[in-house]
Engineer: 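The structure under discussion is supplied below as structure tokens; questions concerning it will follow.
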Amino acid sequence: MRFNLLLGVLTMLLVLTSQPADAARPPLQAWDGPTTGPAAHPGKKLVIYIAQDYRNGGITGVYRAFTGAATSKLGWQVRAVDGKGEQQMVRVVFAQAIASKPDAIVLGGIPPSDLPDLIAQAQQLGIKLVGWHAGAKAGPSKELFFNVTTDALAVAQMAANYAIQNANGPMGAVIITDRRFDIAIAKSDAMKQIIEQCPNCRCLTVENVLISNAAEEVGGLVQRLHKSYGKAWTHTFAINDVYFDEMNFPLRQIKRPDIRNISAGDGSSKAINRIRGGLSQQVATIAEPLNAQGWQLADELNRAFSGLPPSGYVTSPVLVTREMLNVIGPRDIDSHLEYRQAYERIWFPARTTAQPANQMIFDN
């Protein structure tokens, strides 16, 4: 009898302690990225990460992940440089970076077309160049060894379709873009096309607002849009979360709690937190798997240093809603991806794998 009682207690404890955590954890997703490549390059490398603007949550998130992989795993030195959202400043800091004679430069959100002369100078000096959102398409180009990004059209389609499927009536869409960037143009043009194909939807306007000017301009933009379109304006789409950092209060001022905001990039920590809290009118963001992309940048550079071609891998975007965040809890949105284990197996092939392949692993 005592044995049965003890067995019952142990069973109850097991249920109470393990079931809720397991229910909240998505399964570890099979890795669809590279599984072969060069081992970690033995040389000490200096890499300069130049951000178009560190106020951009995507650029910052990728920088953190890249630095973690590059310094802690590969033993490189990484320096951060900020262009502060100004093209002339970007040119200045890029020239300074070249003068530092680094082994590589990462272009965080900077189109190479803005710096053709400096790009050519860096290439002549043998500096390896990779980018994150440095163009509309993922992959290699004549300027970059590799540009890491999701498919801009897939992001736009995911954002537009989510809104259309969850609309409670006719949709009147406002799209906010930044026409300085090819990737922003690709996303906003694709969203406009998808919305216009919907019988019950209308694209009211496409607004060009610089990401770096969002804090100053969004309040006035909200007032102007409300005056022009009134109740016909039901949804706002933007190519970056930063616009919605500034939109909640202006919408409250005009008493428009009905408007729903969806971002087609990039899944900033601010955006994820406000979606999780349910206190914002931003209901979704189509996020980049920023941590996985930061590690991919490190892997692409390791391939460049080793004289091998790029991986060719293109990451998939992630639809982030409050429902999705309730499932994964406080974990990162790409914590179900096996990117860390996959890249470490490539970089350090001699090490034995500590975790069985079917064991659930989550990043903190």
Side-chain angles (χ1 to χ4, degrees), residues 33-34 37-54 56 58-83 89-135 137-149 288 290-315 339 343-344 346-348:
H41 196 277
K44 297 289 185 181
K45 301 296 183 182
L46 170 62
V47 182
I48 299 179
Y49 186 108
I50 304 178
Q52 197 275 338
D53 191 338
Y54 275 116
N56 183 317
I59 292 173
T60 302
V62 169
Y63 164 73
R64 289 172 179 160
F66 169 73
T67 300
T71 59
S72 299
K73 300 298 179 180
L74 297 170
W76 303 342
Q77 180 184 0
V78 179
R79 294 181 189 169
V81 180
D82 193 358
M89 177 64 77
V90 170
R91 286 191 60 83
V92 169
V93 297
F94 201 98
Q96 291 172 344
I98 292 174
S100 300
K101 298 181 179 179
D103 297 285
I105 295 175
V106 181
L107 285 75
I110 301 169
S113 57
D114 288 353
L115 313 158
D117 54 330
L118 295 175
I119 293 289
Q121 184 181 345
Q123 289 176 325
Q124 289 170 3
L125 293 172
I127 298 171
K128 307 300 183 185
L129 300 174
V130 295
W132 179 83
H133 279 211
K137 295 182 179 180
S141 66
K142 63 179 181 179
E143 299 93 354
L144 301 178
F145 181 79
F146 200 85
N147 178 46
V148 174
T149 182
E288 303 285 307
L290 299 177
N291 295 308
Q293 289 177 333
W295 280 59
Q296 184 183 353
L297 280 174
D299 184 63
E300 302 298 351
L301 275 183
N302 191 57
R303 292 167 189 268
F305 292 147
S306 302
L308 294 178
S311 72
Y313 179 52
V314 181
T315 52
Y339 65 93
Y343 286 124
E344 287 189 32
I346 294 172
W347 299 340
F348 309 106

Engineer: With distance as the sole test, does E300 use its side chain to make a donor-acceptor pair with the main-chain N or O of S311 at under 3.5 Å?
Structural biologist: yes
Engineer: Which heavy-atom pair separates A134 from L144 by the least distance, and what is that distance?
Structural biologist: CB-CD1, 3.7 Å
Engineer: Evaluate side-chain hydrogen bond (donor to acceptor under 3.5 Å, both in side chains) for T149 paired with H133, printing each intermediate quantity in order.
Structural biologist: CA-CA 6 Å; T149 182; H133 279 211; 3.2 Å; yes
Engineer: Measuring from K101:NZ to L46:CG, what's the distance to the nearest 0.5 Å?
Structural biologist: 12.5 Å
Engineer: Does the pair Q96 and V92 meet the rule for a side chain to side chain contact (heavy atoms under 4.5 Å, CB included), with working shown?
Structural biologist: CA-CA 6 Å; Q96 291 172 344; V92 169; 3.7 Å; yes
Engineer: Minimum heavy-atom separation for P102 to A97, with atom names?
Structural biologist: CD-O, 3.0 Å
Engineer: Determine yes or no for a side-chain-to-main-chain donor-acceptor pair under 3.5 angstrom, with Q123 supplying the side chain and E143 the backbone.
Structural biologist: yes
Engineer: Does some side-chain heavy atom of L118 sit less than 4.5 Å from a side-chain heavy atom of R91?
Structural biologist: yes
Engineer: If we only count heavy atoms from C-beta on, is the I346 to R303 side-chain gap below 4.5 Å?
Structural biologist: yes
Engineer: If you define the side chain from C-beta out and look only at heavy atoms, does anything of L301 sit under 4.5 Å from W76?
Structural biologist: yes
Engineer: Which distance, rounded to the nearest 0.5 Å, do you find between the NZ of K73 and the CH2 of W295?
Structural biologist: 5.0 Å
Engineer: Are Q296 and Y343 packed together at the side-chain level, in the sense that at least one heavy-atom pair is separated by less than 4.5 angstrom?
Structural biologist: yes
Engineer: Measure the OG1-CZ distance between T71 and F66 for me, rounded to the nearest 0.5 Å.
Structural biologist: 9.0 Å
Engineer: So do the side chains of H41 and L74 get within less than 4.5 Å of each other, counting heavy atoms only?
Structural biologist: no
Engineer: Does the side chain of D299 reach to within under 4.5 Å of the side chain of Y313, using non-hydrogen atoms?
Structural biologist: no
Engineer: Does the D103 side chain pair with the main chain of K128, one donor and one acceptor, at a distance under 3.5 Å?
Structural biologist: no
Engineer: CD/Q124 to CD1/I119 distance, rounded to the nearest 0.5 angstrom?
Structural biologist: 12.0 Å
Engineer: How many angstroms lie between CG in L129 and CD1 in I110, if you round to the nearest 0.5 Å?
Structural biologist: 11.0 Å
Engineer: Given side chains that start at C-beta, do those of F94 and V81 come closer than 4.5 Å, heavy atoms only?
Structural biologist: no
Engineer: First locate atom CD1 of I105, then atom CZ of R79, and finally report the distance between them rounded to the nearest 0.5 Å.
Structural biologist: 11.0 Å
Engineer: For the residue pair K45 and F305, would you count it as a cation-pi contact if the rule is NZ or CZ under 6.0 angstrom from the ring centre and within 45 degrees of the ring axis?
Structural biologist: yes
Engineer: Is there a side-chain contact between V106 and Y63 (heavy atoms, below 4.5 Å)?
Structural biologist: no
